[in-house]
Amino acid sequence: MTEPILRVTDLQKYFGDLHVLKGIDFSVEAGERIAIIGGSGSGKSTFLRCLNFMEMPSGGTIALDGKPIGKPHGRDGARRYPESELCTVRERVGMVFQQFNLFPHMTVLENVMEGLLTVKGMRNAAARERAVRELEKVGLGTKLDAYPGKLSGGQQQRVAIARALAMEPEILLFDEPTSSLDPELVGEVLRVIRQLADEGRTMLLVTHELGFAYHFATKVIFLADGVFHEVGTPDDVLKNPRQERTRAFLERFTEFGF
Amino acid sequence: MDYQFDFVLVLRSLPVLLRGLLVTVELWVPSIFIGLCAGFLLSLARLSKSPWLRMPSLFYIELFRDTPVLIQLIWFFYAFPIIIGVQLSPFAAALLGLALNTSAYSAEIFRGGIQSIAQGQWEGARALGMRRSKILQRIILPQVFKRMLPAFTNRAIEVAKMSSLASVLSVHELMYQGRLLSSTYYRPLEILTTVAFIYFVLIYPGTWLSARLERRLAAKA
């Protein structure tokens, strides 16, 4: 058995008094594609955002390549996370957001080059070459000099994917990447994500697109009330759920099916 | 109307007034520059998570914003020697007062600007592995600058006119010369109209440039 890339032990997250994540144990092996589903407020986005420290865990440890991130600090199990260490982690664990979060004052090309220049310290020419390559891959080779504001939501999200990919992360996190898109634009983004799956990339996806989750994932997690309620293959969790709670959740999606 | 506007007097006063203008510029430009730099650092302290940075900066900002500038200038001149035993020249006291006052105002402009940028911009950059200082420099401030430009232009205009308060410390700037001349010749209307005109000529090109820059930045996005 190989060592997982990412291992999470007893992850806890509080927002004030609200206990959002209640002790999650979890690991990611190279090449796994994990879809995380669950109702709104279940903690699925918070869970994903803890993995690259967009949210600071309140307790528990997250280890990358077997090495726990941060240093123990205080009595209640919270850890201290130095900025330099988190920057290294985030370089290796990329993220694509629901709201894209592109930089509006930069062109598409500049958006993708930014991390290469400021984080990887690449030369302009080399960064440009790699950025163009990634943008061509997501089908935006003709939009290099456009500003994000001039693009459709689907195009913006593909730029965001190219921006994350350019950093060559070992793990890619998708936080509801199609939730803020018009229905007719969802397909172009999902196709890009599937293309990444075909390349064998390690990815985690929080989504409401259960159909896509079924085809995309090697593993599906149903998260409810801050714990993993059910974990298994797409067939197990989405077609033959064992837990009553999972079934009830899935029924809401099929209620108006045709 | 039988008032005879004395244009010859205006012409004769010009050399003295222009010498005053030079001092006004010497007060204005450095106090804006120092005020902006100090204000930026103050805004970072104001936005800091640490109360040891946040509370003192808040106190400083409110102190300078909520008291009259005139008293601040007088205070630097008369109270400094008593408290720390340093007698500042009238010019230095005026410059210090104007610069510190400007720093408090620009700190609030910077803070408002930085906070107006959506949290998602920080997150998008952080997710790439960028450091806080780099994010501020490359992602946040370039976007903030555009939004802050009108507020800073306003501030610069205010400071240009506020510098006239230095006349109470007998700094020989434009207003001081104007008041001196008008009481010497008993022709306040001629002299002060000229002084106002000179202020206008000093300030207007700046506002014009700023409006142009604003339009150019707006066109880019």
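Letters A, B, ... mirror the listed sequences (proteins, then strands); counts begin at 1.
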For the student: nearest non-hydrogen atoms of [X] and [Y], plus distance:
X: M130(B); Y: C87(A); answer: O-SG, 3.8 Å
X: Q121(B); Y: P104(A); answer: OE1-CD, 3.4 Å
X: H105(A); Y: I139(B); answer: CE1-O, 3.5 Å
X: R90(A); Y: R126(B); answer: CD-O, 3.0 Å
X: F97(A); Y: G124(B); answer: CE1-CA, 3.8 Å

Rounded distance [0.5 Å steps], NZ in K134(B) versus OG1 in T118(A): 6.5 Å
Could you state the interatomic distance from CZ (F103(A)) to CD1 (I117(B)), rounded to the nearest 0.5 Å? 12.0 Å
Ignoring hydrogens and angles, write down the donor-acceptor pairs under 3.5 Å from the side chains of residues 33-44 of chain B, residues two or more places apart or on other chains.
unit_1 : atom_1 : unit_2 : atom_2 : d
S43(B) : OG     : F40(B) : O      : 2.7

Side chain, backbone, both or neither: which part of [X] has an atom under 4.5 Å from a heavy atom of chain B?
X: R163(A); result: both
X: L102(A); result: backbone
X: M167(A); result: side chain

Which of the residues P169(A), S84(A), G94(A) is involved in the greatest number of heavy-atom pairs with chain B at under 4.5 angstrom? S84(A)
Hey, are E114(A) and R138(B) close enough for a salt bridge, meaning a charged N less than 4.0 Å from a carboxylate O? yes
When you look at CZ of F15(A), are more than 12 heavy atoms from neighbouring residues, nucleotides or ligands closer to it than 6.0 Å? yes
Which region of A118(B), side chain (C-beta onward) or backbone (N, CA, C, O), has a non-hydrogen atom less than 4.5 Å from a non-hydrogen atom of chain A, or is it both or neither? neither
Is a side-chain N or O of E83(A) found less than 3.5 angstrom from the main chain of R132(B), in a donor-acceptor match? yes
